[in-house]
Amino acid sequence: MKVTEHIESKNGKTQFSFEILPPLKGRNIQSVFDSIDPLMEFKPPFIDVTYHREEYVYKEMENGLLQKKIVRKRPGTVGICAAIQNKYKVDAIPHVLCGGFTKEDTENFLIDLDFLGIDNVMALRGDAVKSEVYFKPEKDGHCYAEGLVDQVIQLNKGKYLDGETLNQSKTDFCVGVAGYPEKHMEAPSLNSDINYLKRKIEKGASYIVTQLFFDNAKFFEFVAACRKSGITVPIIPGLKPISTKKQLNILPHRFHVDLPEALTKEILKCKDNKAVRQVGVEWCIEQSKELIENETPFLHYYSMGKSDNIKQVASNLF
Ligand code: FAD
């Protein structure tokens, strides 16, 4: 079922969903199930599975020179989506990236997803590979998520890249895109970012999932600005309970978000990470409650492979 249909089916009642990461190469699927199992009691209609592009690593050869190698540390997005749909009978939503994909790779990827019975995709540009400063698309790839959304929608109309394929069965993907309440790190302003977000919707995306944030006021301002710009699709907030002191520095650096003074102060007072976890859970519960009061269609939690604190949050809400 499409995310938009899940939203319509509940008449404004807030639902629970979450995102997982594929495990590091070499670990088995049980580690994925172990992170999902504790959260199934909250009846998520869908689970997102992130996609992780290639990275460059340098390996020392016998002659002492360094060899540049391409590795993917977290493969398995498609297989995990298939396993989720098969085991839990809920929708799995694979993240699909521009980065590392030619348009033809994308088309073939989407065909695989369609054959697996996947109804939704989250269309994202992806970041630059770790050793590079700026995002570089493949030679025949998309520069921005907007182009990727357009490709999915064209496929939904039965339009394949070769222009000749006889299409007996069109795909029918519902497309989600990313939004940034505190603006995307490369955007010169929030307004500029929202204008490009609007273009993704005009290309055919049906819903928005936001970057994580810790200050609801920023989310509400973002939603108001989106609505003012003419964006009418559902906007799903992304949430993560903070769980270690280190994250005070990691999260702003990695996700370009601010942590509210009150949260930072509480965390700095904590003696250990057990106490930090509790502060993080309580903050996230308060954030979630306020979002539910404001008729948010879904609360989407970034589990990052760890479900215990998300379970603690969800038990208070769903
Ligand atoms: P875009 O929408 O393409 O925007 C990128 C930047 O370009 C923005 O600054 C925007 O303002 C600007 N822009 C957009 N269109 C244009 C245009 N036509 N001309 C000029 N400028 C333009 N990353 C992963 O690698 N794997 C994942 O699974 C993943 N999942 C994510 C899930 C969510 C909910 C979110 C919020 C992010 C996720 N990311 C993931 C991170 C994401 O890939 C990065 O934030 C990336 O840098 C931007 O992706 P985007 O789709 O928002 O890009």
Side-chain angles (χ1 to χ4, degrees), residues 3 17-23 46-55 72-78 80-81 92-101 106 109 113 120-130 132-138 141-152 175-214 218-219 222 225-226 229 231 233-240 251-257 298-305:
V3 168
S17 65
F18 62 98
E19 175 186 295
I20 60 160
L21 276 70
F46 67 81
I47 300 170
D48 272 56
V49 184
T50 54
Y51 192 94
H52 297 260
R53 61 176 304 186
E54 75 285 4
E55 292 175 31
R72 279 192 59 213
K73 294 187 176 167
R74 293 182 186 270
T77 301
V78 177
I80 292 171
C81 284
I93 306 187
H95 291 195
V96 182
L97 300 186
C98 303
F101 279 72
T106 301
F109 192 77
L113 299 180
N120 306 275
V121 291
M122 184 74 190
L124 300 144
R125 188 195 70 178
D127 287 321
V129 279
K130 275 197 182 132
E132 291 174 352
V133 182
Y134 299 108
F135 174 83
K136 275 197 217 134
E138 291 302 297
H142 297 290
C143 303
Y144 297 105
E146 178 188 329
L148 176 56
V149 173
D150 189 48
Q151 185 175 359
V152 182
V175 185
V177 289
Y180 302 82
E182 297 177 58
K183 94 170 183 64
H184 182 257
M185 61 180 165
E186 294 162 27
S189 69
L190 185 61
N191 257 345
S192 150
D193 207 23
I194 290 178
N195 282 335
Y196 287 123
L197 175 58
K198 191 176 174 201
R199 282 168 56 155
K200 294 191 274 193
I201 306 303
E202 285 165 352
K203 290 283 179 201
S206 298
Y207 69 99
I208 296 164
V209 182
T210 77
Q211 183 59 281
L212 51 87
F213 60 90
F214 296 90
K218 294 202 168 142
F219 174 76
F222 171 71
C226 288
S229 81
I231 294 173
V233 299
I235 302 179
I236 299 176
L239 297 169
K240 177 191 157 40
L251 295 173
H253 176 70
R254 201 151 155 226
F255 298 104
H256 303 268
V257 294
F298 268 92
L299 295 180
H300 188 69
Y301 295 92
Y302 294 108
S303 82
M304 299 183 177

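Any value given below was found using the heavy atoms of this structure, including those in side chains, with hydrogens, waters and symmetry copies removed. Counting starts at 1 for both ligands and their atoms, following the listed order.
Using the six-membered ring where Trp is involved, Tyr196 and Tyr144 have ring planes that are parallel, under 30° apart on the 30 and 60° scheme.
Using a 4.0 Å cut-off to heavy atoms of Ala178, the atoms of ligand 1 that qualify are 35 (C), 36 (C), 52 (O).
Contacts between Arg125 and ligand 1, counted as non-hydrogen atom pairs separated by less than 4.0 Å, involve both the backbone and the side chain. With a 4.0 Å cut-off on non-hydrogen atoms, Leu97 touches ligand 1 through its side chain and not its backbone. The side chain of Lys200, and not its backbone, has at least one atom closer than 4.0 Å to an atom of ligand 1 (non-hydrogen atoms only; side chain from C-beta on).
For Phe46 and Phe298, the ring centers sit closer than 6.0 Å to each other. For an aromatic pair to be called close, the ring centres must be under 6.0 Å apart, and Phe109 with Tyr51 satisfies this.
Less than 4.0 angstrom separates atom 3 (O) of ligand 1 from at least one non-hydrogen atom of the protein.
Every heavy atom of Gly238 sits 4.0 Å or more from the atoms of ligand 1.
Nearest protein heavy-atom neighbour of atom 34 (C) of ligand 1: Tyr302 OH, 3.2 Å.
Panel note: side chain Lys218, backbone Phe213; no donor-acceptor pair is recorded below 3.5 Å.
Here the straight-line distance linking atom CZ of Phe219 with atom CD of Gln211 works out to 13.0 Å at 0.5 Å rounding.
Other residues, nucleotides and ligands place no more than 12 heavy atoms under 6.0 Å from the CZ atom of Arg254.
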